[in-house]
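A short write-up of the structure that comes next.
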Amino acid sequence: MPELPEVESVRLGVHEWTAGATITGAEVIDPRILGTTSQRRIDASAADGFVAAVTGRRIIGAERRGKFMWLTLGETPALDQLGGHEAPDLSLLIHLGMSGQLRVHQPSDEIHRHTRAILRLQRGGAQSGPAHEPYELRFIDQRIFGHLGVQPLVHASGRLVPASANHIAADPLEAAFEPGLTITALAKKRTALKSALLDQTLLSGIGNIYADEALFRAGIHPLAIPARTRQSRLAAVLESATRVMSDALQAGGTSFDALYVNVNGESGYFDRALLAYGRGGQECVRCGTEIEKMTIGGRTSHFCPNCQKPPRYR
DNA sequence: AGACGCGCCTGCAGGC
DNA sequence: TGCCTGCAGGCGCGTC
């Protein structure tokens with residue numbers, strides 16, 4: 001379940017492998033990957049359009065906001081040499097969803113059965129030679145909650161982002177993040193704090209796991225109502241979220257090789273040292289009380305009923 | 001307008 | 001053994 005740290009870890013690897021490379025071709029094996037989960041009526045021409053839009057483009061780099069990642073695309077190398085300086089004008093949005101993975105492969109490698117799309121890449125432009133062996137970036141996604149799409153770049157919250165990511169807020173690990181504004185926006189919410197933390201338009205990058213971890217570490221009950229919670233406490237949750245995600249990122253930036261740009265969506269590729277998530281029925285590491293499980297906003301939530309006292313509203 | 005709930009997917013665990 | 005149900009979850013969109 002990739003959340004911000006996992007996506008960032010993937011982004012780092014993807015950037016290393018693709019920045020400066022040229023997309024020499026592409027293949028959409030399952031066109032559903034081009035739609036959102038709500039719009040799955042993708043016809044064959046969409047796949048053709050995708051391939052046509054990316055083929056010949058140069059990858060400038062891989063960027064990320066929250067759980068949204070994208071490749072910034074420049075002009076073709078030939079056109080670029082005519083003088084234009086590399087201003088990205090297009091992006092290839094990549095959302096990993098629940099089970100998405102990106103892997104670097106040799107073209108001759110066996111195609112994994114959940115491979116939904118392939119980008120064929122070559123370093124240093126289209127010229128061939130032993131130093132410019134073709135290779136592939138493959139998007140593998142068992143559940144197809146992930147998404148690929150070619151998008152114009154638009155300005156949103158202080159940055160250029162793909163158009164379909166213009167509604168999400170900055171994430172706590174990016175320069176454009178403004179904690180003060182985030183707390184002000186959060187403090188207006190009357191929904192459960194847990195749900196608010198998952199609201200990507202408020203701040204992005206937090207998923208179910210790190211929401212539970214942040215609340216546990218800050219000692220705040222998931223059902224606390226932000227509008228009725230002291231802003232210093234809201235700030236504490238944000239700080240906990242930021243810290244737990246950067247710790248996870250530190251632990252996750254490991255193991256790269258040519259065939260594996262990391263993230264094993266199914267099992268988790270590093271030990272996250274989780275204190276609350278998935279520990280229902282086990283003892284709280286702090287006080288020994290049994291960790292409770294409950295559904296909040298349709299999501300399973302884990303918390304210590306002793307360390308995270310229920311709110312006493314009347 | 002904010003809040004909520006559904007549907008999209010697949011694989012696996014658990015019950016009968 | 002095999003079938004069925006439930007669950008996991010991010011996110012877009014429809015509904016109230």
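The shown structure was predicted, so the numbers you read here are calculated from the model rather than taken from an experiment. Sequence lines set the chain letters: A, B, ... in the order given, protein chains first and strands last, and positions in each chain run from 1.
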Specify the separation, in whole Å, of atom NZ of A/Lys194 and atom P of B/dA3. 17 Å
Double-helix bend of the helix from B/dG2-C/dC16 to B/dC16-C/dG2, axes at both ends from 5 pairs, round to 10°, gives 50°
Could you state the atom-to-atom distance from NE2 of A/His112 to P of B/dG11 in whole Å? 10 Å
Only pairs under 3.5 Å count here: list side-chain donor-acceptor contacts from residues 239-246 of chain A, not counting sequence neighbours, and write none if there are none.
unit_1	atom_1	unit_2	atom_2	d
A/Ser240	OG	A/Ala236	O	3.1
A/Thr242	OG1	A/Leu238	O	2.7
A/Ser246	OG	A/Thr242	O	2.7
A/Ser246	OG	A/Arg243	O	3.3

Counting only side-chain nitrogens and oxygens, does A/Thr300 get under 4.0 Å of the OP1 or OP2 atom of C/dA8? yes
Out of the candidates A/Arg65, A/Arg64, A/Arg159, only one should pair with A/Asp171 under the salt bridge (Lys or Arg N to Asp or Glu O under 4.0 Å) rule; please name it. A/Arg64
Can you tell which of C/dG12, C/dG10, B/dA3 lies closest to the side chain of A/Lys189? B/dA3
Please tell me if A/His167 has a side-chain N or O lying less than 4.0 Å from either OP1 or OP2 of C/dC11. no
Could you tell me the separation between the CG atom of A/Asp212 and the P atom of C/dG10, rounded to a whole number of Å? 10 Å
Output for pair (A/Glu3 CD, A/Lys67 NZ), nearest 0.5 Å, gives 5.5 Å
Using a 4.0 Å heavy-atom cut-off, does A/His95 contact any base of the nucleic acid, only the sugar-phosphate backbone, or nothing at all? sugar-phosphate
Rounded distance (Å) that lies between atom P of C/dG10 and atom CG of A/Asp141: 13 Å
Atom pair distance, as rounded to whole Å: CZ in A/Phe145 and C1' in C/dA8: 9 Å
I need the A/Ser301 OG to A/Leu193 CG distance, nearest 0.5 Å. 10.5 Å
Expressed as a whole number of angstroms, how long is the span from A/Met98:CE to B/dG7:P? 19 Å
N/O contacts under 3.5 Å, protein versus nucleotides 4-6 of chain B?
unit_1	atom_1	unit_2	atom_2	d
B/dC4	OP2	A/Thr191	OG1	3.0

Taking atom C1' of C/dC11 as reference, at what distance in whole Å does atom CG of A/Asp199 sit? 11 Å
Do A/Ser99 and A/Asp141 meet the criterion of a side-chain donor-acceptor pair at a distance under 3.5 Å? yes
Any chance the side chains of A/Gln122 and A/Thr22 put a donor and an acceptor closer than 3.5 Å? no
Whole-Å gap separating P (C/dG12) and CZ (A/Arg143): 18 Å
Closest listed nucleotide, where the reference is the side chain of A/Gln200 and the choices are C/dC11, C/dG10, B/dC9: C/dC11
Assess whether side chain to side chain contact (heavy atoms under 4.5 Å, CB included) is satisfied between A/Leu96 and A/Phe139, documenting all intermediate values. CA-CA 9 Å; A/Leu96 300 177; A/Phe139 190 62; 3.7 Å; yes
Can A/His221 and A/Phe303 be said to form a ring pair (Phe, Tyr, Trp, His ring centres under 6.0 Å), step by step? CA-CA 7 Å; A/His221 197 280; A/Phe303 63 99; 4.6 Å; yes
Other residues, nucleotides and ligands only: do more than 12 of their heavy atoms fall within 6.0 Å of CZ on A/Arg286? yes
